[in-house]
Amino acid sequence: MADRPLNGHRVLMLVTNYGVEQDELLVPLKRLRQDGADVTVAAATADPVQTLVGDKDPGETVSPDATFDVVDPGDHQLLLLPGGTLNADQLRLDDKALTIVKAFAGSGRPIAAICHGPWALVEADVVRGRTLTSYASLRTDIRNAGAASWVDEPVVSDTSGDFTLVTSRTPKDLDAFLDAIDKALVGS
């Protein structure tokens with residue numbers, strides 16, 4: 001289907017195997033694929049990814065396409081970091097995941113993160129001087145990491161640094177977040 005807007009674009013989603021917010025994984029995954037993007041879900045292990053709804057109720061499980069240690073970040077045009085408190089907290093402690101985040105930031109390719117997803121950006125030290133949003137409880141962490149500002153908006157696309165940074169607050173903002181991702185991909 002040559003008329004799909006994201007044909008030929010490759011997206012890498014990083015998640016841990018437990019705790020990713022269901023809608024922050026599945027909604028972008030389905031929409032990006034529907035729009036023609038080739039999306040790779042990479043997890044810490046090859047085990048199924050157990051999503052959660054509202055950080056507590058079990059959601060759907062997803063089979064990862066790859067693991068952090070075998071996925072090649074150079075094969076993808078955009079990195080997407082879904083949230084979920086447990087997922088994001090584990091992700092920011094995973095050296096392999098942080099290496100991937102740093103590789104994207106260092107190469108100038110876009111990174112998108114929603115809800116608690118920016119924790120990995122803070123840990124990777126790639127938010128200095130940037131403007132972004134997130135789940136409200138990350139505001140102080142983001143400011144302490146040297147971000148220029150944290151704003152309470154549905155989506156922020158910051159193009160002021162070496163890479164486009166798209167951030168969003170919660171699953172309620174997914175439509176705006178995905179529109180900004182589309183723009184970052186098509187412009188990349």
Side-chain angles (χ1 to χ4, degrees), residues 1 4 6-105 109-124 126 134-135 137-138 166-175 177-178 180-182 184-185:
M1 298 172 72
R4 296 190 299 175
L6 299 180
N7 275 352
H9 294 280
R10 297 183 49 109
V11 174
L12 176 61
M13 296 179 80
L14 291 187
V15 297
T16 57
N17 293 85
Y18 183 82
V20 64
E21 184 66 31
Q22 176 178 279
D23 285 352
E24 293 173 15
L25 172 61
L26 294 180
V27 172
L29 180 63
K30 290 175 184 174
R31 178 164 150 195
L32 290 166
R33 285 182 174 167
Q34 180 180 344
D35 287 348
D38 180 4
V39 182
T40 300
V41 176
T45 71
D47 298 319
V49 173
Q50 176 63 61
T51 69
L52 294 178
V53 177
D55 279 336
K56 62 182 178 7
D57 297 320
E60 295 181 37
T61 58
V62 175
S63 295
D65 302 303
T67 58
F68 299 160
D69 54 353
V70 300
V71 71
D72 182 355
D75 288 343
H76 301 84
Q77 295 168 287
L78 181 137
L79 176 64
L80 198 157
L81 302 168
T85 309
L86 297 172
N87 169 69
D89 191 46
Q90 293 172 45
L91 196 64
R92 70 180 173 161
L93 297 174
D94 190 299
D95 290 337
K96 293 174 186 170
L98 293 176
T99 297
I100 293 169
V101 172
K102 291 174 186 177
F104 265 86
R109 290 170 289 156
I111 298 175
I114 187 169
C115 199
H116 287 80
W119 261 342
L121 303 174
V122 166
E123 193 66 33
V126 298
S134 66
Y135 192 75
S137 67
L138 275 66
V166 177
T167 53
S168 199
R169 300 176 301 192
T170 72
K172 293 178 183 174
D173 301 321
L174 277 167
D175 285 337
F177 181 59
L178 289 166
I181 287 173
D182 288 357
L185 268 174

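The first residue in the sequence is number 1, and the count goes up from there.
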Drop me the distance from [X]'s [atom1] to [Y]'s [atom2], to the nearest 0.5 angstrom.
{"X": "L29", "Y": "Q34", "atom1": "CG", "atom2": "CD", "result": "11.5 Å"}
{"X": "Q22", "Y": "Q50", "atom1": "CD", "atom2": "CD", "result": "9.0 Å"}
{"X": "I114", "Y": "I181", "atom1": "CD1", "atom2": "CD1", "result": "8.0 Å"}
{"X": "R109", "Y": "L185", "atom1": "CZ", "atom2": "CG", "result": "11.5 Å"}
{"X": "I111", "Y": "T167", "atom1": "CD1", "atom2": "OG1", "result": "11.5 Å"}

Compare every heavy atom of [Y] with every heavy atom of [X], then report the nearest pair and how far apart it is.
{"X": "S168", "Y": "F177", "answer": "CB-CD1, 3.4 Å"}
{"X": "V166", "Y": "A180", "answer": "CG1-CB, 3.6 Å"}
{"X": "F68", "Y": "A42", "answer": "CE2-O, 3.3 Å"}
{"X": "A184", "Y": "P110", "answer": "O-CG, 3.9 Å"}

- Query: Considering residues at least two apart in sequence or located in another chain, which fulfil the salt bridge (Lys or Arg N to Asp or Glu O under 4.0 Å) criterion with D57?
  - Reply: none

Given [X], which partner from the list [options] fulfils the side chain to side chain contact (heavy atoms under 4.5 Å, CB included) test?
{"X": "Y18", "options": "T51, V49, L86", "result": "L86"}
{"X": "L121", "options": "L81, L98, L138", "result": "L81"}
{"X": "V101", "options": "L79, L91, D94", "result": "L79"}

Keeping the roles fixed (side chain from [X], backbone from [Y]), state whether a donor-acceptor pair exists under 3.5 Å.
{"X": "D23", "Y": "P171", "answer": "no"}
{"X": "Q77", "Y": "V11", "answer": "no"}
{"X": "E21", "Y": "G83", "answer": "no"}
{"X": "R92", "Y": "V122", "answer": "no"}
{"X": "D55", "Y": "T85", "answer": "yes"}
{"X": "D35", "Y": "L6", "answer": "no"}
{"X": "D69", "Y": "K96", "answer": "no"}

Heavy-atom side-chain contact between [X] and [Y] under 4.5 Å:
{"X": "L178", "Y": "P28", "result": "yes"}
{"X": "H76", "Y": "V71", "result": "yes"}
{"X": "R10", "Y": "D75", "result": "yes"}

- Test applied, side chain to side chain donor-acceptor pair (under 3.5 Å); reference residue, N17; option that passes from D47, T67, T45: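 Of the listed residues D47, T67, T45, the side chain to side chain donor-acceptor pair (under 3.5 Å) partner of N17 is T45.
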
- Query: So with a 6.0 Å cut-off around OH of Y135, is the heavy-atom count from everything else above 12?
  - Reply: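 No - once you tally the heavy atoms of other residues, nucleotides and ligands closer than 6.0 Å, there are 12 at most.
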
- Verify the neighbour count for atom CG of D89: are there more than 12 heavy atoms of other residues, nucleotides or ligands below 6.0 Å? yes

- Message: Please determine whether side chain to side chain contact (heavy atoms under 4.5 Å, CB included) holds for the pair L12 and F104, giving the CA-CA distance in whole Å, both sets of side-chain angles, and the decisive distance to 0.1 Å.
- Response: CA-CA 10 Å; L12 176 61; F104 265 86; 4.0 Å; yes

Determine all donor-acceptor pairs shorter than 3.5 Å in which one atom belongs to a side chain in residues 58-65; sequence neighbours excluded.
from: D65; atom 1: OD2; to: R33; atom 2: NH2; distance (Å): 3.3
from: D65; atom 1: OD2; to: V41; atom 2: N; distance (Å): 2.8

- Would you check, one step at a time, whether the test side chain to side chain contact (heavy atoms under 4.5 Å, CB included) holds for N87 with H116? CA-CA 8 Å; N87 169 69; H116 287 80; over 6 Å; no

